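A short worksheet on the structure shown next.
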Amino acid sequence: MQAPHRTRLLIVEDHDDTATILQLGLTDLGYEVMIAHNAPIALQLAQSFAPDIAVLDIGLPVMDGWELARRLRDRRSGLHVIAVTAFNDDDDRLRSDEAGFSYHLAKPVDIQAIHAAVQNLAAATDTRAE
């Protein structure tokens, strides 16, 4: 009998403490979590890790989260992306919509808010698969 699929989350956050808190909190909730601190590493990790959902900061070094979301979604059809960011005005939310984010959560964000978003996306994906 095959073990049930654990939802794989790729967290892309350049602030070490925030990345660690997200990783620990989401791992405790049962998710398989990988961390990247910048976009180039995230793009490499996404190939081998094959995340179900990417949780991205917008204000990243090298490449912002909006561009990273586009590139990740181009490489992995069906990938869901969630923004967890301090960039939270109306223009920022519009850019997130345009980049294909399913959720735009403002920092500081509660782990339970991310958990709820992930569960909603997983449920929507499961419904489409039926």
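Bear in mind the structure is a predicted one, so any value in this text is a computation, not a measurement.
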**CZ on Phe101 to CZ on Arg93, rounded to 0.5 Å** = 12.0 Å
**Asked** What pairs with Asp92 under salt bridge (Lys or Arg N to Asp or Glu O under 4.0 Å), at least two apart in sequence or on another chain?
**Response** none
**From CA spacing to verdict: side chain to side chain contact (heavy atoms under 4.5 Å, CB included), Leu72, Leu56** = CA-CA 11 Å; Leu72 286 169; Leu56 311 179; 4.2 Å; yes
**Prompt:** Do the non-hydrogen side-chain atoms of Ile82 and Leu121 ever get within less than 4.5 Å of each other?
**Reply:** yes
**N/O donor-acceptor pair under 3.5 Å between His104 side chain and Leu94 backbone** = no
**Single-linkage hydrophobic cluster, 4.5 Å side-chain cutoff, Val84 and Val12 together** = no
**Prompt:** Between Leu10 and Arg8, does a side chain to side chain contact (heavy atoms under 4.5 Å, CB included) hold up when you go through it step by step?
**Reply:** CA-CA 7 Å; Leu10 174 61; Arg8 292 179 307 273; over 6 Å; no
**Asked** Where do Leu29 and Gln112 land on the side chain to side chain contact (heavy atoms under 4.5 Å, CB included) test, with the steps shown first?
**Response** CA-CA 9 Å; Leu29 290 169; Gln112 290 302 321; 4.0 Å; yes
**Asked** For the rings on Tyr31 and His115, is their centre-to-centre separation under 6.0 Å?
**Response** yes
**Item:** Heavy-atom pair with the smallest gap, counting every atom of Gly100 and Val81
**Value:** O-CG2, 3.4 Å
**Request:** Might you confirm whether atom CG of Asp90 has over 12 heavy atoms from other residues, nucleotides or ligands at distances under 6.0 Å?
**Result:** no
**Prompt:** Between Asp64 and Phe87, is any pair of side-chain heavy atoms under 4.5 Å apart?
**Reply:** no
**Request:** Measure the spacing between CG of Asp57 and CD of Glu13 and express it to the nearest 0.5 Å.
**Result:** 4.0 Å
**Prompt:** CD1/Ile11 to CG/Leu45 distance, rounded to the nearest 0.5 angstrom?
**Reply:** 11.5 Å
**Asked** Out of curiosity, Asp14 CG to Ile35 CD1, how far, rounded to the nearest 0.5 Å?
**Response** 11.5 Å
**Request:** Spell out, as yes or no, whether a donor-acceptor pair under 3.5 Å connects the side chain of Arg76 to the backbone of Pro51.
**Result:** yes
**Message:** Distance check, rounded to the nearest 0.5 Å: Met63 atom CE versus Leu43 atom CG?
**Reply:** 5.5 Å
**Item:** Connected via hydrophobic side-chain network under 4.5 Å: Phe49 and Leu60
**Value:** yes
**Request:** Mind listing the closest non-hydrogen atom pair of Ala83 and Ser96 along with its distance?
**Result:** CB-OG, 4.3 Å
Could you tabulate the donor-acceptor pairs under 3.5 Å formed by side-chain atoms of residues 18-27, not counting sequence neighbours?
unit_1 : atom_1 : unit_2 : atom_2 : d
Thr18  : OG1    : His15  : ND1    : 3.0
Thr20  : OG1    : Asp16  : O      : 3.0
Thr27  : OG1    : Gln23  : O      : 2.7

**Prompt:** Any donor and acceptor pair, going by atom type alone, linking the side chain of Asn38 with main-chain N or O of Ile41 inside 3.5 Å?
**Reply:** yes
**Message:** Holding to side chain to side chain contact (heavy atoms under 4.5 Å, CB included), I want the full list of residues that pass it with Arg70, two or more places apart in sequence or in another chain.
**Reply:** Trp66, Glu67, Ala99
**Request:** Please check if Leu105 and Leu79 belong to a single hydrophobic cluster, counting links between Ile, Leu, Val, Met, Phe, Trp and Tyr side chain heavy atoms closer than 4.5 Å.
**Result:** no
